[in-house]
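Here's the structure, in structure tokens; my notes come after.
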Amino acid sequence: MELPKNFEPQSFETSIYADWEGKGCFTPEVDYSKPPFSIVIPPPNITGQLHMGHALNNTIQDIIVRHKRMQGYSTLWLPGTDHASIATEVKIVEKLHEEGVEKEDIGREEFLKRAYRWKETYGGRIVHQLRRLGCSCDWSREAFTMDERCSKAVREVFVNLYRKGLIYRGSRIINWCPHCHTALSDAEVEYEPQDSNLWHIRYPYTDGSGYMVIATTRPETLLGDTAVAVNPKDPRYTDKIGKTLKLPLTDREIPIIADDYVELDFGTGCVKITPAHDPNDFEVGLRHNLPVIRIMDDGGVINENGYAYKGLDRDEARKRIVKDLEELGLMEKIEPYAHNVGVCYRCHSTVEPIVSKQWFVKMEQLAKPAVKVVKNKKVSFIPDRFSKIYFNWMENIKDWCISRQLWWGHRIPAWYCADCGEVIVDKTDPEVCPKCGSKRLTRDDDVLDTWFSSALWPFSTLGYPDETEDLKYFYPTNLLVTAYDIIFFWVARMIFSGLEHMGEIPFPEVLIHGIVRDHLGRKMSKSLGNGIDPIMLIDKYGADALRFSLTTGVAPGSDIRFSEDKMEPSRNFLNKLWNASRFVLMNDEGVNLPEIGSFNYTSADKWILYKLNVTIKEVNTYLKKYELGMANAKLYDFIWSDFCDWYIELTKPALYGDSKRRKNETLAVLTYVLKQILKLIHPFTPFITERIWKEMGEEGFIMLRSYPVYSKKFAFTAEYRRFERVKEIIRAVRNVRSEMNVQPSKKINLCVSGEAENYLKRNEVYLKKLANVENVVYVRSKAEVEGKFVSIVAADAEIYIPLGDLVDFEQETARLQKELKNIENEIRRSEGMLSNPGFVAKAPEALVESEKKKLAENRLKRVKLLKNIQDLS
RNA sequence: GGAGGCAUAGCUCAGCUGGGAGAGCGCUUGCCUUACAAGCAAGAUGUCAUAGGUUCAAGUCCUAUUGUCUCCACCA
């Protein structure tokens, strides 16, 4: 039983993971004698590589999952990947392009073949990286949003929604990406600030009575104008309403209409209305029954409605139109103007609002119950403030555009009859038109928004629409863990989908965490090149160190600033744990240790067992609340400070002493505490704990053992407090040694008087070992102390350290004066509180009592200090 | 325009339902003490952004201000 001298996580992490996986440790049974606990992973895109965001998200999940598993839940962490329709298609198109091929050249079927091949090659990459992280996912249940199971669920849901009238097809204004050639949902549009101009253009009245000036940021859309609007209450234009204008650069005449949408105090108060290319204008157009003229094709090129500008790209058209207007004297002025421009979240091209025929999900009816379950806390966000973000979105939601003009994804299950025009939406592919019997059916070319299938993830992965055992046992899942940036995309949609299709919430809790930023607080991104590769960190420091770093000093929901230098403290900590374990193991000579509780504990034993017990309680409490940062801190402190710095040192006299019995009893406690420690911290650092566990002479894996729980048999409160006093005295002696420049190797003697004699006698061995003391002499008063000495004052003890020539009276006086000052400050504080009648009357009694006790002790200390100072002079 | 977060030691951040300011890194001093120098021991360092308020008691609760970040909306 011995560990290698050096802590080298690289040497064991991979094989331990393979061992776990091979033995089926991650695969839970559907077992009704146990409570279930399930989490579905936020499926990473198959295009992705593990980044720090994934590392954080999955570390959090794995800690919670491992804790629950050890607590005896039948625990399922269901992994999988997302086909990421648009992201993947963009990638594959790019790759084809590099080969000199366009997707249209090879056709849909061949394209999909290649896409699947690409998925086979790269889609598993991230899944293997999760294994490196130590994620205890049940790979036997691994899902993919486009696999058979999930696709069946998608089809089921689409057809059901369609039949309920919650999915419809219609011409609406949607966001169009001219680069990806597809529609986008509102959530897929990002806004970027852009410096542009506000062009003021003259639109002449048709009656020749001058012109109206309109202001626009998009002069090229002039070609599609079908009206100019003014506010009905605008006195400048009341007499103009109903007149017509000659639309420059065209042969069209357009009316002046009145609409409240126009602001009085912006621009000129006149707005050009382009229903086909602006969402607001589209609404205005509907109200006033205006024609809708599309002037751009799907690639952002001006079409046949664009007069002389036909065939020009939208940017080029803008330049030409501005130039032509200037030449015609129709450009009143050009003002610089900064505004936000919508861009595609995948390719960052400027999004073009256009009118187009698309499929939509009607949201109003679905959103209502989804808002309600969060309002009445059936689903809670942790931290709670994120529910506001959710409400804000859900309560202002518009219909969801779900069709995408892409090939990679779930193809919409709708067929059109060429003969009668019937639309057929069904769970099985139709052979003939049910209305006219025609066989000339063509399937809709579009695929569904990627998020349509992700919305079903908590139940599609468990077998929906079939009533599988998994679905019955594990649904609803227990928790969802995700970053706040996909609350809209994903969380909200899962909630209303679960309610609609399962009739039940998908999860009662949503744990929201922050984003990993770089050391300057910037988002880690490819374009900035400031990302850190988690796999590189794992190679260098080990997965445990990465996991520990990601949970150190974090508050729920807040962002993390991360840089590589956060890895060293974690690695050092694990090295500490490694070496402490080596210490325990190397002293254990394979003898049968006595059972814990079968012998009398020493004061130090009781102290550590008490502290361990408290730590167990705290860690469980924090884990239950998902306060990983706090649990992490408690473990760190207990292991490093209490166990390593104090307890291990305290055991050395017994381990190196003559009594075999004492040695074995001490070893029994050491071993017990270490095992508890390993279990406690296992969810955070699974590899090192499993590796050490293998040397501890236990059968099986630590990951399947039960998690420590608080035990009343270690409630040694009084003993703990007394031992804390011993520690205080040890610290004080060390301090004196240091301040008096006593050589660390030099042994000193202590003279003790006061009632502390009682317990110090019993703890002498620790005093001697930890403060390097030769002899402890118990005296009545300091008169008995020989030679020059320095003194330490406690409420229940006075300690004199004869140091002969090392003692400088002046220095010693100064030291005692400083101590006196501290004590007097404390006394003043206590007196202040206790002389306040409000405090005595209203504060909790226990607090008042402890304050009184402190005051009494400090007064005693003051008296002793004053005496010692007096005696020096 | 609307909503929210953050502001604590030189740096990065903890601080739960109010009750004597903490960690890591860095810094100073001394130590290779047979688990660990990726270490041990002893230290120094804070008008907890500002101004009010509530309370016996405020880093913690309330209000306002300043700075900063984010999300939503998107007025042409």
Side-chain angles (χ1 to χ4, degrees), chain A residues 3 5-7 191 198-199 214-218 221 229 261-263 265-274 278-281 337 339-342 383 385-386 388-389 391-393 396 484-485 487-488 514-515 517 519 521 523 541 552-555 557-563 565-566 568-587 621-622 625 627 629-630 632-633 636-637 644-645 648-649 652 656 731 734-739 741-745 769-772 826 829-830 833 836-844 846-848 850-851 854:
Chain A
L3 288 166
K5 188 165 185 333
N6 294 318
F7 167 55
Y191 288 87
L198 195 55
W199 286 273
I214 59 96
T216 181
T217 52
R218 304 179 60 214
T221 61
Y261 149 71
V262 182
E263 302 281 331
D265 49 8
F266 186 87
T268 59
C270 310
V271 183
K272 59 194 274 311
I273 302 297
T274 323
D278 182 279
N280 292 308
D281 292 6
Y337 185 67
H339 65 147
N340 283 332
V341 174
R385 63 186 141 93
F386 290 104
K388 279 189 189 162
I389 296 180
F391 291 136
N392 183 35
W393 193 69
N396 297 299
Y484 55 73
D485 56 348
I487 291 177
F488 307 133
I515 285 176
R517 298 175 176 279
H519 68 114
K523 229 171 170 169
Y541 303 92
T552 294
V554 293
S558 53
D559 289 349
I560 298 175
R561 226 175 259 219
F562 194 91
S563 54
D565 54 18
K566 296 217 168 168
E568 270 194 43
S570 301
R571 195 265 321 263
N572 294 352
F573 170 68
L574 295 172
N575 182 57
K576 190 78 183 173
L577 176 60
W578 182 263
N579 280 297
S581 306
R582 278 181 58 227
F583 173 81
V584 174
L585 288 164
M586 72 176 47
N587 282 292
T621 306
Y622 285 126
K625 293 194 283 185
E627 299 219 26
M630 290 299 291
N632 173 303
Y636 185 97
D637 286 346
C644 294
D645 288 345
I648 284 186
E649 294 307 317
K652 283 178 180 174
Y656 302 150
R731 250 189 237 118
R734 283 168 168 178
N735 179 297
V736 165
R737 292 185 61 118
S738 175
E739 283 198 20
N741 295 317
V742 180
Q743 286 292 314
S745 54
K769 167 71 186 165
L770 270 67
N772 204 11
E826 284 300 298
R829 196 188 55 81
S830 292
M833 281 174 91
N836 180 342
F839 175 76
V840 181
K842 295 186 181 175
L847 191 74
V848 178
S850 83
E851 208 54 54
K854 264 186 260 174

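Below, chains carry the letters A, B, ... as their sequence lines are ordered, and counting in each starts from 1. Just so we're clear, the structure is a prediction, and the values are computed from it rather than from any experiment.
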**Q.** From C72(B), A41(B), C31(B), nucleotide with atom closest to Asn392(A) side chain
**A.** C72(B)
Q. Between Ser558(A) and A14(B), does any side-chain N or O lie under 4.0 Å from OP1 or OP2?
A. yes
Q: Check whether any side-chain heavy atom of Asp485(A) lies under 4.5 Å from a side-chain heavy atom of Ile515(A), and answer yes or no.
A: yes
Q. Under the 3.5 Å rule, do the base of C74(B) and the side chain of Asn340(A) count as making a donor-acceptor pair?
A. yes
Q: Sort out the partner of A21(B) for me: Watson-Crick or G-U wobble, both distances under 3.5 Å, none otherwise.
A: none
Q: Would you kindly give the CZ-to-C1' distance between Arg582(A) and G39(B), to the nearest whole Å?
A: 12 Å
**Q.** Paired nucleotide for G67(B) [Watson-Crick or G-U wobble; both distances under 3.5 Å]
**A.** C6(B)
Q. Taking only N and O in the side chain of Lys576(A), is any of them less than 4.0 Å away from OP1 or OP2 of C40(B)?
A. yes
Q) When we call it a touch if two heavy atoms are under 4.0 Å apart, what does Gly629(A) touch: a base, just sugar-phosphate, or nothing? A) nothing
**Q.** Minimum-distance nucleotide (side-chain atoms of Ala580(A) versus A76(B), C31(B), A35(B))
**A.** A35(B)
Q.
Mind checking if Phe488(A) touches a base, just sugar-phosphate, or nothing, with heavy atoms under 4.0 Å?
A. sugar-phosphate
Q: On RNA chain B, check which nucleotide each of Asp565(A) and Tyr337(A) is closest to and give me the residue with the more 5' one.
A: Asp565(A)
Q.
Looking at Ser581(A) and Leu577(A), would you say the former's side chain and the latter's main chain have a donor-acceptor pair under 3.5 Å?
A. yes
Q. Under a 3.5 Å cut-off for both distances, is A37(B) Watson-Crick or wobble paired, and to whom?
A. none
Q) Which nucleotide in the set A38(B), G15(B), A76(B) lies at the smallest distance from any side-chain heavy atom of Ala555(A)? A) G15(B)
Q) Between Asn392(A) and Lys388(A), is there a donor-acceptor pair closer than 3.5 Å when you use the side chain of the first and the backbone of the second? A) no
(Q) Considering every strand and a 4.0 Å limit on heavy-atom distances, what is the contact class for Phe386(A): base, sugar-phosphate, or nothing? (A) nothing
Q) Considering heavy-atom distances to RNA chain B, does Cys644(A) or Asn572(A) have its closest nucleotide positioned more toward the 5' end? A) Cys644(A)
**Q.** For A73(B), the Watson-Crick or wobble counterpart (both distances under 3.5 Å)
**A.** none
Q.
What's Asn836(A) touching, base or sugar-phosphate or nothing? Going by heavy atoms closer than 4.0 Å.
A. sugar-phosphate
Q) Base, sugar-phosphate, or nothing: which does Lys854(A) touch, judged by heavy atoms less than 4.0 Å apart? A) base
Q: Report which part of the nucleic acid Asp645(A) touches: base, sugar-phosphate, or nothing (heavy-atom distance under 4.0 Å, all strands).
A: sugar-phosphate
(Q) Roughly how many Å apart are U33(B) and A41(B), using the P atom of each and rounding to a whole number? (A) 14 Å
Q: Check every strand shown and say whether Arg218(A) touches a base, only sugar-phosphate, or nothing at a heavy-atom separation below 4.0 Å.
A: nothing
**Q.** Pairwise C1' distance, A3(B) and G18(B) [rounded to whole Å]
**A.** 28 Å
Q: Using a heavy-atom cut-off of under 4.0 Å over every strand shown, decide if Arg571(A) touches base, sugar-phosphate, or nothing.
A: base
Q. With a non-hydrogen cut-off below 4.0 angstrom, is Val840(A) in contact with a base, only sugar-phosphate, or nothing?
A. nothing
Q.
Below 30° counts as parallel, above 60° as perpendicular, anything between as tilted: where do the rings of Trp578(A) and Phe7(A) land?
A. tilted
Q.
Base, sugar-phosphate or nothing for Met833(A)? Non-hydrogen atoms, less than 4.0 Å.
A. nothing
Q: Could you work out the separation of U50(B) and C11(B) based on their C1' atoms and round it to a whole Å?
A: 24 Å
(Q) Looking at C16(B), which nucleotide sits across from it as a Watson-Crick or G-U wobble partner, both distances under 3.5 angstrom, or is there none? (A) none
Q.
Taking any heavy-atom pair under 4.0 Å as a contact, classify Arg385(A): base, sugar-phosphate, or nothing.
A. sugar-phosphate
Q. Under a 3.5 Å cut-off for both distances, is C61(B) Watson-Crick or wobble paired, and to whom?
A. G53(B)
Q) Can you tell me how far the CG atom of Asn579(A) sits from the CG atom of Asn6(A), to the nearest 0.5 Å? A) 8.5 Å
Q) Sub-3.5 Å donor-acceptor pair from the side chain of Arg737(A) to the main-chain atoms of Asn772(A), do we have one? A) yes
Q: Look through every strand shown and name the nucleotide pairing with A44(B) as Watson-Crick or G-U wobble, where both distances are under 3.5 Å.
A: none
(Q) Under 4.0 Å, heavy atoms only, any strand: does Ile648(A) hit a base, just the sugar-phosphate, or nothing? (A) base
Q.
Using a 4.0 Å heavy-atom cut-off, does Lys523(A) contact any base of the nucleic acid, only the sugar-phosphate backbone, or nothing at all?
A. nothing
Q: Report the distance from atom CZ of Arg829(A) to atom CD of Glu851(A), rounding to the nearest 0.5 Å.
A: 4.5 Å
Q: Select base, sugar-phosphate, or nothing to describe what Lys388(A) touches, counting heavy atoms under 4.0 Å on all strands.
A: sugar-phosphate
Q: Give a yes/no on whether any side-chain N or O of Tyr484(A) is located under 4.0 angstrom from OP1 or OP2 of C72(B).
A: no
